[in-house]
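In the text below, chain A, chain B and the rest are named by the order of the sequence lines, each starting its count at 1. Just so you know, these numbers come straight off a predicted model, no measurement behind them. Atoms considered below: every heavy atom in the structure, side chains included; atoms not considered: hydrogens, waters and symmetry mates.
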Number of protein chains: 2
Amino acid sequence: MRTVGASQPEETARAEEPGRPAEHGRAGGAAGVKTARGTRARGTRQAQALAVALDDLPGFCSAQEIHAALRSKGETVGLATVYRHLQALTEAGSIDTIRDVSGETLYRQCGTSVHHHHLTCRNCGRSVEVEGRAVEQWAEKVAAEAGFTDVGHTFELFGVCPQCAG
Amino acid sequence: MRTVGASQPEETARAEEPGRPAEHGRAGGAAGVKTARGTRARGTRQAQALAVALDDLPGFCSAQEIHAALRSKGETVGLATVYRHLQALTEAGSIDTIRDVSGETLYRQCGTSVHHHHLTCRNCGRSVEVEGRAVEQWAEKVAAEAGFTDVGHTFELFGVCPQCAG
DNA sequence: CCAAGATTGAGAATCATTATCATTACCAGT
DNA sequence: ACTGGTAATGATAATGATTCTCAATCTTGG
Ligand SMILES: [Zn+2]
Ligand SMILES: [Zn+2]
Ligand SMILES: [Zn+2]
Ligand SMILES: [Zn+2]
């Protein structure tokens, strides 16, 4: 199991546990931007908590890990909401995603929004952002030679980071 | 939906349908290699059928698609067995796997067993095998600079093939 | 305060993949 | 051919991450 952020007592945490008053809706305090009538911007308590968590986490982690991290900090955010925001952020390009060896999706807030790739520790999840001018060109060349169009790519590097190597 | 091999009446085919005499075990005919006592080799009817199917299929396809293709040819192979053999072949390095955008695993028998990558049509699944001397070196260099060890990589190219472009 | 619209979250639903486990087929001796 | 040991199979259940549903709750403009 990957070790990310604050580890908790190994809770399954598949669904929100019942029995609590259920605190819905957005928070009042530091509200954010707002647009036209009815459009609430990313200012809910849950969204902010998630943003903070993403900022704190040093590397890629799964939605469930993020959810666990939130709970461990006392934040009450539903797992479904975590997934929702992660998906939204991903579509907006604010965060990056990679796939675990087991197929699980891992999320991370990157320093830059320009196209880049990652060298990720398969033990702790910490990752280095790398730009690969060379591979971008290689990809285009190969695609062009084969006559393929609308080409995209997926380049991921995995290894063991210096800290984990010990 | 990707079009692979002979398309069938859109059967769900999640589990083998019951009501048939259930034909188990290995076939007698063209048995294959055998090793020490008790070790059967990869010569079962099901394994052969799967091998043939993999040979026929032009590109990457999912376990379920392969299973459907087998059934459409009259072969009776359980879905679990398909998964089992695909996994074994993958571990043996006989076939390659990539991940769908939805996370589904796709399999393909490649022409060569040496390390290479794929340029795959995201519409029909046909793929071109490409070798990337450049990216291999780039990967090693990047990993070394970051101090990572035991580094592996995942490079996949996706696009639309000339046939599908029309 | 009120109504409309957005957001949340608990649980159900999906769906690919794995694990069970009883049944069957194969093999080597006898 | 008969038999015991063992591998392989397949129907089904189980797993587990992600998505869907929808009622309850919040926010906000008026
Ligand atoms: Zn590490
Ligand atoms: Zn790139
Ligand atoms: Zn195509
Ligand atoms: Zn490579």
From the set C:dT18, D:dA8, C:dT7, return the single nucleotide nearest to any side-chain atom of B:Thr44. D:dA8
Take the protein atom CG of B:Leu86 and the nucleotide atom P of D:dT9, then report the distance between them rounded to whole Å. 12 Å
Does a side-chain N or O of B:His85 approach OP1 or OP2 of D:dT9 to a distance below 4.0 Å, or not? yes
Rounding to a whole Å, what distance do you find between B:His67:NE2 and C:dT18:P? 15 Å
Using a 4.0 Å heavy-atom cut-off across all strands, classify B:Thr105 as base, sugar-phosphate, or nothing. sugar-phosphate
For D:dT19, take OP1 and OP2 only and decide whether either is under 4.0 Å from a side-chain N or O of A:Tyr83. no
Of B:Gln87 and A:Val82, the one whose nearest nucleotide on DNA chain C sits closer to the 5' end is A:Val82
Output the rounded distance in Å from CG (A:Leu50) to P (C:dG9). 11 Å
B:Arg45 has an atom CZ; how far is it from atom P of D:dT9, in whole Å? 9 Å
Starting from C1' on D:dC26, measure out to CD on A:Gln48 and report it in whole angstrom. 15 Å
Could you check whether B:Ser127 and B:Arg108, counting side-chain N and O atoms only, form a donor-acceptor pair closer than 3.5 Å? yes
Among C:dG9, D:dG10, D:dT18, which nucleotide sits nearest the side chain of A:Thr81? C:dG9
Is the phosphate of D:dC26, meaning OP1 or OP2, less than 4.0 Å from a side-chain N or O of A:Gln46? no
Minimum heavy-atom separation for A:Gln109 and A:Ser94, please, with both atom names. CG-O, 4.2 Å
No-hydrogen, no-angle side-chain donor-acceptor test under 3.5 Å, A:Glu136 and A:His117: yes
Donor-acceptor side-chain pairing of A:Thr105 and A:Arg99 below 3.5 angstrom: yes
Nearest-Å distance for atom pair CG/P, residues B:Leu89 and D:dA8: 13 Å
Please report the distance, rounded to the nearest Å, between CD in B:Glu104 and C1' in D:dA17. 14 Å
Nearest-nucleotide comparison on DNA chain C, the residue closer to the 5′ end among B:Arg84 and A:Arg84: A:Arg84
Taking the inter-plane angle between the rings of B:Phe60 and B:His118 on a 0 to 90° scale, is it parallel (under 30°), tilted (30 to 60°) or perpendicular (over 60°)? perpendicular
Using whole Å, what does the distance between atom P of nucleotide D:dG10 and atom CG of B:Leu70 come to? 10 Å
When you check the phosphate oxygens OP1 and OP2 of C:dC15, does a side-chain N or O of B:Gln64 lie under 4.0 Å from one of them? no
